[in-house]
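See below for the structure under consideration.
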Amino acid sequence: MSAPSPAVRTQTYIRDGNRCIVCASSEMLTFQHRQAVGMGGSKTRPQVAEGLTACLMCNDRFEGDLQETALLFGWKVRRNIGHFVCEDVPVFFPLWAQWFVVVGEIRVPITELEARRKMIAVYGPEYEAWRKGNEQ
């Protein structure tokens, strides 16, 4: 998988407040690829909108116990989303208790209802059942 350029990594960290978007840590920050780039990786370097800031521990957990939560909150994006791109999948930032659409280097706040509508547009009507089945 191609790593982000130093500039993309820095811009992503700045956009996300130099904190992990899950636990708000400012230590051991990493660039979290929102969408899997596959075995062997992509030769294309990711752009700011394709990543989030995550601490090393949370980043590792995105593929383990946080995987479903990461998908529900837009921290990860399913591989097969048709003609949609990462920017079409809203992201929940717990530190701000707010949903956002990530457009490059900026976050645009949206309501929870708008976020649900966007998730349904990308993942289909089964998103609501999936979300309800994962509520704690």
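By convention here, the first residue in the shown sequence is residue 1. Only this structure's heavy atoms are used, side chains among them; waters, hydrogens and symmetry mates stay out.
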Q) Between W75 and Q32, does a side chain to side chain contact (heavy atoms under 4.5 Å, CB included) hold up when you go through it step by step? A) CA-CA 8 Å; W75 307 333; Q32 160 61 29; 5.7 Å; no
Less than 4.5 Å apart, side chain to side chain, heavy atoms only: is that true for [X] and [Y]?
X: P4; Y: R45; value: no
X: R19; Y: L95; value: yes
X: N80; Y: Y123; value: no
X: R34; Y: E50; value: no

Nearest 0.5 Å, please: how far is [atom2] in [Y] from [atom1] in [X]?
X: R61; Y: C23; atom1: CZ; atom2: SG; answer: 8.5 Å
X: R117; Y: E112; atom1: CZ; atom2: CD; answer: 12.0 Å
X: F31; Y: T12; atom1: CZ; atom2: OG1; answer: 4.5 Å

Given the rule that I, L, V, M, F, W and Y join up when any side-chain heavy atoms are under 4.5 Å apart, are [X] and [Y] in one cluster?
X: V48; Y: V89; result: no
X: V22; Y: L56; result: no
X: V108; Y: F84; result: yes
X: I120; Y: V85; result: no
X: V91; Y: Y127; result: yes

(Q) Which residue is it: E68, Q67, E63? I am looking for the one with a side-chain hydrogen bond (donor to acceptor under 3.5 Å, both in side chains) to K76. (A)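 Checked E68, Q67, E63 against K76; only one passes side-chain hydrogen bond (donor to acceptor under 3.5 Å, both in side chains): E63.
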Q | Which residues share a salt bridge (charged side-chain N to carboxylate O under 4.0 Å, His left out) with E114, sequence neighbours left out | A |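 Applying salt bridge (charged side-chain N to carboxylate O under 4.0 Å, His left out) to E114 gives none.
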(Q) Surrounding CD of E27 (heavy atoms of other residues, nucleotides or ligands, distance under 6.0 Å), is the total greater than 12? (A)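 Open: at most 12 neighbouring heavy atoms sit under 6.0 Å from CD of E27.
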Q) Can I14 and E105 be said to form a side chain to side chain contact (heavy atoms under 4.5 Å, CB included), step by step? A) CA-CA 8 Å; I14 290 169; E105 300 170 24; over 6 Å; no
Q: Return yes if a side-chain donor-acceptor contact under 3.5 Å exists between N18 and S26, otherwise no.
A: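 No pair is found: no donor N or O on one side chain lies under 3.5 Å from an acceptor on the other.
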Q: Mind checking ring pair (Phe, Tyr, Trp, His ring centres under 6.0 Å) for F92 and listing every partner two or more places apart, or none if nothing turns up?
A: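 Testing F92 for ring pair (Phe, Tyr, Trp, His ring centres under 6.0 Å), a comparison that skips the adjacent residues, returns F73, W99.
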Q: Report the C-alpha distance between R15 and T53 in whole Å, list the side-chain angles of each, state the deciding distance to 0.1 Å, and finish with yes or no for side chain to side chain contact (heavy atoms under 4.5 Å, CB included).
A: CA-CA 9 Å; R15 183 201 61 212; T53 305; 5.6 Å; no
Q. Apart from Y13 itself, which Ile, Leu, Val, Met, Phe, Trp or Tyr residues share its cluster (side-chain heavy atoms under 4.5 Å, direct or through members)?
A.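 L29, which link up through side-chain heavy atoms under 4.5 Å apart, make up the rest of the cluster.
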Q. Looking at F93, does the NZ or CZ of R107 lie under 6.0 angstrom from its six-membered ring centre and within 45 degrees of the ring axis?
A.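 Judged by the rule (NZ or CZ under 6.0 Å from the ring centre, within 45° of its axis), R107 counts as positioned above F93.
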Q: Assess whether side chain to side chain contact (heavy atoms under 4.5 Å, CB included) is satisfied between R78 and L71, documenting all intermediate values.
A: CA-CA 7 Å; R78 288 202 186 278; L71 288 165; 3.8 Å; yes
